[in-house]
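The next block holds one structure in the form of structure tokens; read it before the comments.
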Amino acid sequence: MNRARGFLHPMIEKNYQPADIEARMSVVWEDSLAFKAGRPDRRDAVPFTIVIPPPNVTGSLHMGHALNNTLQDILCRFERMRGRDVLWQPGTDHAGIATQMVVERQLMERQQPGRREMGRAKFLERVWQWKAESGDTIINQLKRLGASCDWSRERFTMDEGLSKAVVKVFVELHREGLIYKDKRLVNWDTKLLTAISDLEVQQLEVKGHLWYLRYPIEGKTFSPDDPSSFIVVATTRPETMLGDTGVAVHPDDERYQKLVGRNVILPLVGRKIKIVADDYSDPEKGSGAVKITPAHDFNDFEVGNRHGLARISVIDREGCLDLVDNEDYLRDLPEGASQFAEEFHKVDRFAARKRIVERLESFGFVERIEPHTHMVPHGDRSNSVIEPYLTDQWYVDAKTLARPAIAAVRSGETTFVPKNWEKTYFEWMENIQPWCISRQLWWGHQIPAWYGPDGKVFVAETEEEAVSHALGYYVEQEVITPEQGREMALDRNKREGFITRDEDVLDTWFSSALWPFSTLGWPDETPEVQRYYPTNALVTGFDIIFFWVARMMMMGLHFMKEVPFSTVYIHALVRDEKGAKMSKSKGNVIDPLNLIDEYGADALRFTLAAMAAQGRDIKLATSRVEGYRNFATKLWNACRFAEMNHCAVPDGFEPAKAKETLNRWIAHETAHTTREVTEAIEAYRFNDAAGSIYRFVWNVYCDWYVELAKPVLLGPDSPAKDETRAMVAWARDEILKLLHPFMPFITEELWEVTARRDGLLALAPWPLKPAEPTPEQIAMLAATAGPTDALVSPVWVLPIFDHADFTDPAAEAEIGWVIDLITQIRSVRAEMNIPPATLTALVLAGASAETKERAPRWADVIKRMARLSEISFADRAPDGAVQLLVRGEVAALPLKGVIDVAAERTRLDKEIGKADADIKRADSKLANEKFVANAAEEVVEEEREKREAALARKAKLLEAVERLKQAS
RNA sequence: GGGCACGUAGCUCAGCGGGAGAGCACUACCUUGACAUGGUAGGGGUCACAGGUUCGAUCCCUGUCGUGCCCA
């Protein structure tokens, strides 16, 4: 690295090179432990805590992560600068299914033995190995983004500590009856061979068919030509007919009323099944009669329960027909049934569909086939069609746990930002279903349940405890002798086959639900739990409100008796620039790392913040990123300008006491922006905060302040020059602070190289004073600050300037006049096609005393910026001059002979037209009695003022026209 | 079918009861001593449509059309 280092501090490099800066600053932050929670100098500071939504260890940074973590980082850096003891808790999620799939795919690609050949222990070893190799990828990518997490506290959902929390929670909920085992239909993934929860199922629209099947009525001779000999049922899944145990018709459907209670003979199978009346059947749909397969359809399951219909599973875990030796299926079937069973046994469900339809057709059982588009459940990981499947699984009684979680949001203990997401939350929570938490996987937290030989369950935190309970029970039941019990307790081999552990693991989201407290050391009573729980904000996307937010609320309230976070900020989804969801299959994914490489992390961050308006998706266009990279360059060069002009803040400099109007003006503008940015971040209006600081840096500081200051800075030494140098540097420092949460790298770099500093910008005090801690917070701090030798000084000290109060309307008026004058002269020059090289004179006609006083003060800068040769005063504008109206006074450019009189006349007429329109609008409003009577007084007053101003303007313009006439 | 958003400049988006804004793109001019990753000026919009409330509607309400998402 070739950095020019002066004797005071390093100089700014000529060109802004994000990659260099980012690499260097990452090291600086890491070495200085800047992001460590509980820094000694902040032990008396109020904590501010955010837990990161743990990315999957399998993952790599995508645009959603980039947005999510940028917003969290803005909050963390902002609060850290406000003096809080910030804990941004990082970590990763073991992501059960996703990770297991990655490793299995890897084994397959390398043509190594699969997981089943390998065995559980070996396979798990392999996954851990993989995690060790690539688990850092996403963490390093988060660091590249600038995430100011306390990396020393990184956690993993399968860490020892977190696993302990998982087991504890499972055992306690089981003991309370809130976790139980049940046999019911689950969403079964026939590819991954596991149950999944409702949330992991995606309903996809599929073009299929509706098959109309004839089921012969018992006691009649079936004939396709005799409609009275059968009932027609419509189905989208003909292959499940083998498991039909009923036919349902609507109770009010007159067509079928006399058939209710009678039996039909199931085609191909021969099973006698009942026709029942149930309002699940929709008379409008299909034939109005539906076949009921309780073991293979969620709705049919309910119908079956209502009518006491048998449940016959005819599909196995891999999605193949399962008929041979299937007692439920074969029960009460006529002769010859086993031959059919053998023919179709182990045929895949989709092949079976085709063959069964063919067979039905050949006997005349198919009435017709219609094309039919319907929703089909798919596994979100495997993308295979989900099979409703009857098995034993573990469930959480979510309904009970949801109650306090609903109440906490209703009472406002936890609020959603934007608020409308609360409705989504309530909607789901109030209709919550039991949560299926067992997965037939290996990678995850193995369920702490053991079974005896009769299938009795023993749940305990450790194997010893479970085994001892179990053995005690079986001794008592006289299944084994006390002697056998003792032997089995001591020797694992002896009890093998007698007591076995549940093979299944828990849903990944089970451990994620504990994240806000398990990462702090719970169930141990750590100081961190006391200090940092409940957390302050949770920042996440709406797609995981159910998966994660809701479950953290339930678990947090149940185990900690307090909500896990007070604010849930829900941000948008990042889409491509056409609004499509980014996905690998569509190939429209924008890789944030590529954007960082090309434009820098700061530019990407700023883009995301600037576009993060509440309640709206982000359609990301790279042109925006480029624009904000240019913004960074602009800032860089402004700082170079300050450096080249030897701008520095002297000791004891007090901006509020500045004498120069220009300097008072920039103090005024800085204070205004500081308040805007602060309020916007506090309200999670990231886009407003970003917009405010952007405008200030570019359109106020660079475009005007620096330009207006140039004559002074380039002129001879004077007290005014000294003050201006100080002010340029001071405002620059304020900018660096305000911008730091958004663009941490470039601001930290510039902070370092522009002056000798006491410490890092990341730890510098925010310009605006934060709120005082509440008595509760002070009490909590006293309890958790730990031993301290001396009173630690407050972290946030009032800087030399109070942005909360400072304002200077007089300075604003004066600089406003200068800006208006320059802008208007430039505008008219451009309109008149006066080349920049041509200098013109300016005559201020009939100037007020105020203007006469101001003009000489600003003569240099106005001449420079408006390309003028001289400025003079006169009672009236010279003949043939172009006349401008600046804040009600005439500014004339004597351009006789240069300008096109006709064009100038046109311009003036246009102006007069505008004034007329304004007068007319105001008149019509003021003439409206209802307006004067009903509108707010200040609105009416404003309208009067507008009218007066427009009238005055018109008068001056008419004079200008007169003068022009005389010239020609 | 139920619910939630959203239709504002060519594009990507702010704004949201009192005279339409930004960035990018576009046009013209400018290599002036921080910056061409720049400067100056400019063009461009019946704020989807139709009703209603109001003194006043891009903004609030209702409906229509269109788009997207979530849940059945």
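It should be emphasised that the depicted structure is a prediction, and the values quoted were computed from it without experimental measurement.
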Close side-chain approach of A:Tyr705 and A:Ile815, heavy atoms under 4.5 Å:
no
Side chain to side chain contact (heavy atoms under 4.5 Å, CB included) between A:Leu839 and A:Glu870: does it pass, once the steps are laid out?
CA-CA 9 Å; A:Leu839 301 185; A:Glu870 57 176 326; over 6 Å; no
Nearest-Å distance, CE (A:Met832) to C1' (B:A41)?
13 Å
Separation of A:Glu427 atom CD from B:C71 atom P, in whole Å?
12 Å
Hey, could you give me the CG/CG distance between A:Leu750 and A:Asp733, rounded to the nearest 0.5 Å?
10.0 Å
Please give, in whole Å, the distance from B:G18 P to A:Glu937 CD?
19 Å
Residue whose closest nucleotide on RNA chain B lies nearer the 5' end, A:Trp428 versus A:Ile822
A:Ile822
I'd like the C1' distance from B:G21 over to B:U37, given in whole Å.
24 Å
Do the charged groups of A:Glu598 and A:Arg629 touch, with an N to O distance under 4.0 Å?
no
Walk along nucleotides 31-37 of chain B from 5' to 3' and tag each nucleotide B, S or - by protein heavy-atom contact under 4.0 Å, base first, then sugar-phosphate.
--BBB-B
Does any part of the side chain of A:His571, heavy atoms only, come nearer than 4.5 Å to the side chain of A:Asn68, both counted from C-beta?
yes
Is the centre of the A:Trp636 ring less than 6.0 Å from the centre of the A:Tyr16 ring?
yes
Please report the distance separating the C1' of B:G63 from the corresponding atom of B:U40, rounded so that it comes out in whole Å.
49 Å
Please state whether the phosphate of B:A25, meaning OP1 or OP2, lies under 4.0 angstrom from any side-chain nitrogen or oxygen of A:Ser623.
no
Separation of A:Arg237 CZ from A:Asp297 CG (nearest 0.5 Å)
8.0 Å
Heavy atoms under 4.0 Å, any strand shown: does A:Ser827 hit a base, just sugar-phosphate, or nothing?
sugar-phosphate
Whole-Å gap separating P (B:A57) and NZ (A:Lys930):
13 Å
P-based separation of B:G44 from B:U67 [nearest Å]
31 Å
So, is A:Trp704 near the phosphate of B:U40, with a side-chain N or O under 4.0 Å from OP1 or OP2?
no
Under 6.0 Å between ring centres: does that hold for A:Tyr599 and A:Tyr628?
no
Could you give the CZ-to-C1' distance, from A:Arg685 to B:G15, as a whole number of Å?
12 Å
Within the structure provided, determine whether A:Asn645 and A:Leu714 are in side-chain contact (heavy-atom separation under 4.5 Å).
yes
Pick base, sugar-phosphate or nothing for A:Ala936, based on heavy-atom distances below 4.0 Å to the nucleic acid.
base
Expressed in whole Å, how much space separates the C1' atoms belonging to B:U12 and B:G2?
32 Å
In RNA chain B, consecutive runs of at least three Watson-Crick or G-U pairs below 3.5 Å, as range with range, amount to B:1-7 with B:65-71, B:10-13 with B:21-24, B:26-30 with B:38-42, B:48-52 with B:60-64
pair A:Val828-A:Arg907: side-chain heavy atoms closer than 4.5 Å
yes
Nearest-nucleotide check on RNA chain B, A:Arg826 vs A:Asn934; residue mapping nearer the 5' end is A:Arg826
Rounding to a whole Å, what distance do you find between A:Ile544:CD1 and B:C71:C1'?
18 Å
Closest nucleotide among B:C69, B:G23, B:G18 to the A:Tyr694 side chain
B:G23
Spacing between A:Phe546 atom CZ and B:C70 atom P, to the nearest angstrom:
11 Å
Between A:Ser692 and A:Val677 the two heavy atoms that sit nearest each other are OG-CG2, 3.8 Å
Rounded distance in Å between the C1' positions of B:G10 and B:G52:
34 Å
Quote, to the nearest angstrom, the P distance that separates B:G43 from B:A20.
16 Å
Just call it for A:Asp918: base, sugar-phosphate, or nothing, with non-hydrogen atoms closer than 4.0 Å on any strand.
base
Measure from CG on A:Leu204 to C1' on B:C71 and round the result to the nearest Å.
14 Å
Determine the interatomic distance between C1' on B:C61 and the same-named atom on B:G17; round to the nearest Å.
13 Å
Quantified in whole Å, what is the P atom distance between nucleotide B:C47 and nucleotide B:U27?
27 Å
